[in-house]
Q: 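Below you will find the structure I want to go over with you.
Given the structure is predicted, the values throughout are model-derived calculations rather than measurements.
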Amino acid sequence: MNPNLKKLLNHNDEVATFGLSAAIKKVGASLLLKVKAQDTLRLETPGISPELAQFGARALFDYVAVDHERIPLFAMQFESTSHMTDLPSAKEQQENELCRKLTLPLVRLHALHLSKKHLSGDIATMLLEMFLVAKGIIP
């Protein structure tokens with residue numbers, strides 16, 4: 001292995017990607033990994049403060065689901081077990097505000113939803129399908 005290269009996905013990323021890809025294919029959509037917020041959102045939109053736009057220029061979504069025309073349906077952030085508090089971090093608050101102001105649904109999937117002992121692929125799929133139904137993306 002080349003020591004200059006980094007691993008792009010860890011085990012939890014792979015498990016999440018597998019389960020989420022299966023669910024999103026049911027609606028004829030695709031799942032993109034590690035997408036820059038500035039490639040997903042129009043940060044120059046009125047109502048976006050310069051500080052929030054600057055944050056968006058640096059932010060990265062773990063996943064973005066896109067429709068058949070490659071228009072974003074929603075973004076998803078994978079929260080590791082280090083995010084065990086009920087209070088969102090400053091970064092999470094900025095992500096929430098950015099997506100809310102630009103009307104892009106943001107789903108947060110916690111690592112506990114993907115543990116091996118709980119049939120992680122099934123749980124991830126079920127959670128995503130519930131979200132898609134709630135948003136009216138699928139009947």
Side-chain angles (χ1 to χ4, degrees):
M1 183 174 129
N2 184 338
N4 298 317
L5 303 178
K6 292 181 178 181
K7 191 175 189 178
L8 294 178
L9 295 176
N10 62 36
H11 174 72
N12 287 335
D13 289 335
E14 289 180 67
V15 169
T17 301
F18 179 77
L20 298 172
S21 292
I24 203 68
K25 283 181 184 177
K26 292 181 180 182
V27 296
S30 301
L31 195 65
L32 306 176
L33 284 82
K34 312 292 185 189
V35 180
K36 291 180 180 181
Q38 68 182 1
D39 292 339
T40 307
L41 303 165
R42 296 188 190 279
L43 300 175
E44 66 281 355
T45 301
I48 300 297
S49 69
E51 297 80 19
L52 194 56
Q54 188 176 31
F55 169 80
R58 297 184 318 268
L60 186 73
F61 293 123
D62 292 331
Y63 305 97
V64 174
V66 296
D67 66 14
H68 64 282
E69 294 178 354
R70 301 298 180 243
I71 304 296
L73 295 169
F74 62 89
M76 180 173 282
Q77 292 296 74
F78 180 77
E79 307 300 342
S80 69
T81 53
S82 66
H83 293 87
M84 293 298 285
T85 67
D86 289 336
L87 299 174
S89 68
K91 176 183 173 278
E92 290 168 340
Q93 288 176 5
Q94 288 180 303
E95 290 168 346
N96 293 344
E97 183 180 0
L98 188 62
C99 288
R100 183 183 54 77
K101 285 189 173 193
L102 296 174
T103 63
L104 178 69
L106 176 61
V107 178
R108 293 195 184 277
L109 185 64
H110 196 277
L112 295 177
H113 297 136
L114 299 173
S115 67
K116 290 180 187 177
K117 71 178 188 174
H118 294 299
L119 303 171
S120 58
D122 293 339
I123 290 174
T125 300
M126 180 187 69
L127 289 170
L128 183 55
E129 286 177 357
M130 287 179 359
F131 169 80
L132 295 172
V133 168
K135 291 294 181 184
I137 297 171
I138 61 173

Q: If we only count heavy atoms from C-beta on, is the Phe55 to Glu95 side-chain gap below 4.5 Å?
A: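 When only atoms from C-beta onward are counted, Glu95 and Phe55 do touch, with a gap below 4.5 Å.
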Q: Are Phe61 and Leu31 connected in the hydrophobic side-chain network, where two residues link if heavy atoms are under 4.5 Å apart?
A: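 Result: no, two separate clusters.
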Q: Taking all non-hydrogen atoms of both residues, which atom of Leu60 and which atom of Lys36 are closest, and how far apart?
A: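 Looking at all heavy atoms of both residues, the shortest contact is CD1-N, 3.7 Å.
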Q: Are Val35 and Leu52 in one and the same hydrophobic cluster, where Ile, Leu, Val, Met, Phe, Trp and Tyr link if side-chain heavy atoms are under 4.5 Å apart?
A: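 Hydrophobic grouping puts Val35 with Leu52.
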Q: Could you go through the side chain to side chain contact (heavy atoms under 4.5 Å, CB included) check for Gln38 and Arg58 one step at a time?
A: CA-CA 8 Å; Gln38 68 182 1; Arg58 297 184 318 268; over 6 Å; no
Q: Please evaluate residues Leu33 and Asp62 with respect to the criterion side chain to side chain contact (heavy atoms under 4.5 Å, CB included), reporting the C-alpha separation (whole Å), side-chain torsions for both, the decisive distance (0.1 Å), and the verdict.
A: CA-CA 6 Å; Leu33 284 82; Asp62 292 331; over 6 Å; no
Q: Please list, chain by chain and in numerical order, all residues satisfying side chain to side chain contact (heavy atoms under 4.5 Å, CB included) with Glu69, sequence neighbours excluded.
A: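 For Glu69 the side chain to side chain contact (heavy atoms under 4.5 Å, CB included) partners, ignoring immediate neighbours, are Asp67, Ile71.
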Q: Tell me whether the count of non-hydrogen atoms from other residues, nucleotides or ligands lying under 6.0 Å of CG in Leu8 goes above 12.
A: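 No, because the 6.0 Å sphere around CG of Leu8 holds 12 heavy atoms or fewer from other groups.
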Q: Hey, does Val64 have a side-chain heavy atom less than 4.5 Å from the side chain of Asp39?
A: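 Contact flag for Asp39/Val64 side chains = no.
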Q: Would you compute the distance between atom CD1 of Ile48 and atom CG of Leu41 and round it to the nearest 0.5 angstrom?
A: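 Rounded to the nearest 0.5 Å, the CD1-CG separation comes out at 8.5 Å.
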Q: State, to 0.1 Å, how close Glu92 and Arg108 come at their nearest heavy-atom pair, and which atoms those are.
A: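 The pair with the smallest heavy-atom distance is O-NH2, 3.2 Å.
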Q: Do Leu73 and Leu106 belong to the same hydrophobic cluster, where Ile, Leu, Val, Met, Phe, Trp and Tyr are linked whenever their side-chain heavy atoms lie under 4.5 Å apart, directly or via other members?
A: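 No.
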Q: Which heavy atom in Ser30 sits nearest to a heavy atom in Arg70, and how many Å separate them?
A: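 Closest pair (atom of Ser30, atom of Arg70, distance): OG-NH1, 3.5 Å.
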Q: What pair of heavy atoms forms the shortest contact from Ala37 to Gly56, and how long is it?
A: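 Nearest pair, atom of Ala37 first, then Gly56: CB-O, 3.4 Å.
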Q: What's the spacing between Glu97 CD and Glu51 CD if we round to 0.5 Å?
A: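 Going from CD on Glu97 over to CD on Glu51, the span is 10.0 Å.
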Q: To the closest 0.5 Å, what do you measure between CZ (Phe74) and CG (Leu104)?
A: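 Rounded to the nearest 0.5 Å, the CZ-CG separation comes to 9.5 Å.
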Q: According to side chain to side chain donor-acceptor pair (under 3.5 Å), who are the partners of Gln94, at least two apart in sequence or on a separate chain?
A: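 If we apply the side chain to side chain donor-acceptor pair (under 3.5 Å) test to Gln94, skipping adjacent residues, there are no hits.
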Q: List the steps and the verdict of side chain to side chain contact (heavy atoms under 4.5 Å, CB included) for Arg42 and Leu102.
A: CA-CA 8 Å; Arg42 296 188 190 279; Leu102 296 174; 5.7 Å; no
